[in-house]
Amino acid sequence: MKDPKTYFIRTYGCQMNELDTEIMAGQLEKRGMTLAASEEECDLLIFNTCSIRDLAERKVMGKLGRMGRGAKRQTLIGVAGCMAMAKKEALFRKFPHLDFVLGTNNLAELGTVIDEVLYSQRQVLRTEDRFVENLDYLGAKREDQVKASVSIIRGCDKYCTYCVVPYTRGEEVSRPPESIVEECRNLVDKGYKEITLLGQNVNSYGKDRPEWSALFHDLLYRLDQISGLERVRFMTSHPVDITRELMEAIRDLRTLCEFVHFPIQAGSNRILKKMHRIYTKEIYLEKVALLREIVPNVSLGTDIIVGFPTETEAEFEETCEALRQIRYSVAFLFAYSPRKGTPAMRWNDDIPEEVKSARLQKLLEIQEEISQEERKQMLGQTVEVLVERFNRDGEHLKGRTRCWKKVIFKGTEAMIGTLQQVTVHGYSHQTLVGEVRTGGAIPLL
Ligand code: 5AD
Ligand code: SF4
């Protein structure tokens, strides 16, 4: 097999995977490789995979299977990401044409793994259980020029019974605060305006390294000092770790946006307990009330799983009620999907697919009604939009408010990367439509 000159990385799953793709792409470019025009034409093809639900895995398995049936290719093929960790050498048994499997904690070794494959002409596996801070973050090849993601903690110690992440990404490992601040400064110097701090549970940041005396809110205060940085977001949080200090930081910090992804997962205490979410509905609601008291204009997002083993109709109704009561701005809704190696696998996946679909549909309808009302309330309001790029229609610019609402409006290319005050005069689907306001006192949202 020849030394690859071009690469293509197909990414599945979450923002952490998207960031890992940018880090891998940076490493490959440093090696002198260039991005291929398509997945069919490259010398090296990497699937950066997701294991969170069965469908995510099936997509990649189907693709890998089809590639093996084709004529003998010269392309080097690797699997990275969560499936690499969930399936390890089983992938080689199933796909003899696969060249390497690179775990989520081994990204820094991508170059050595490629060399090893070329040298030995054998399949190479690297899947460490624990992450060690050794990545070239500054070398990441970024997709966007206005917003960037920055990894602050990897892994998860929460062990929700349905979730594969603690097994595919290992335990929590925080990144030193100096390294995070340095990367954020570097990004701002390059012109980035918005940074999303990433982790499976960002609120655990620093707890594994008490000697740093830097918890999540401390880090946020440090980042707020970076001049030129307009906005900071974070993704994702576990409700039990959302502290009063964090809520006050959202209220007080110039950069920190008033949007919190606050996944409830279910509205019934019995199901929450079975999920090992370590909070009750009452504790969760208290947190939401406190957050809304401290930050009255905050927007909330959530994740919900329906059809968890043994979930009754009445328990599902409690989830519907929570959705109506809390009124999130965004809700990501999922049907339960049993994952190998998780504690929930020992329970029968007893809720039929049709019931799961019907429950999903019902939640979608409730959420759509809430979102519609929210959009209607926004008519006539002026909001601060960070302009990201041209919208797909090529006609409008696209950006988001501090509360993460998507807004499109007419404007010029020079507005990309700037903050604009936009008055909302309509909406289509999930998107607000507005026009740039010129002059006058402007209320921020
Ligand atoms: N089945 C369905 N949804 C899941 N999630 C995590 N694991 C599963 C699973 N086994 C959802 C949770 C989590 C989001 C990222 O994915 O809602 O917050
Ligand atoms: Fe998975 Fe729970 Fe950790 Fe989120 S907090 S990554 S759902 S184990």
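Just so we're clear, the structure is a prediction, and the values are computed from it rather than from any experiment. Quick note: residue numbers are just sequence positions, from 1. Each ligand, and each atom within it, is numbered from 1 in the order the structure gives.
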Out of Q200, R53, H261, who gets a non-hydrogen atom closest to atom 3 (N) of ligand 1? R53
Against ligand 1, does A344 come closer than 4.0 Å with any heavy atom? no
Considering the options K274, E282, E318, which one meets the side-chain hydrogen bond (donor to acceptor under 3.5 Å, both in side chains) requirement together with N269? E282
Mind checking side chain to side chain donor-acceptor pair (under 3.5 Å) for E373 and listing every partner two or more places apart, or none if nothing turns up? R327
Sub-3.5 Å donor-acceptor pair from the side chain of R231 to the main-chain atoms of C257, do we have one? no
Give the atom numbers and elements of ligand 1 that come within less than 4.0 Å of a heavy atom of Y336. 1 (N), 2 (C)
R392 atom CZ, over 12 foreign heavy atoms within 6.0 Å: no
Taking N or O atoms only and a 3.5 Å limit, does R339 qualify as a polar contact for ligand 1? no
Tell me whether Y162 has any N or O atom under 3.5 angstrom from an N or O of ligand 1. yes
Under 4.0 Å from a heavy atom of F334: give me the atoms of ligand 1 that qualify, with their elements. 3 (N), 11 (C), 14 (C), 16 (O), 17 (O)
Could you see which bit of A335 sits under 4.0 Å from ligand 1, with heavy atoms only: side chain, backbone, both or neither? backbone
With a 4.0 Å cut-off on N to O distance, would you call E194 and R233 a salt bridge? yes
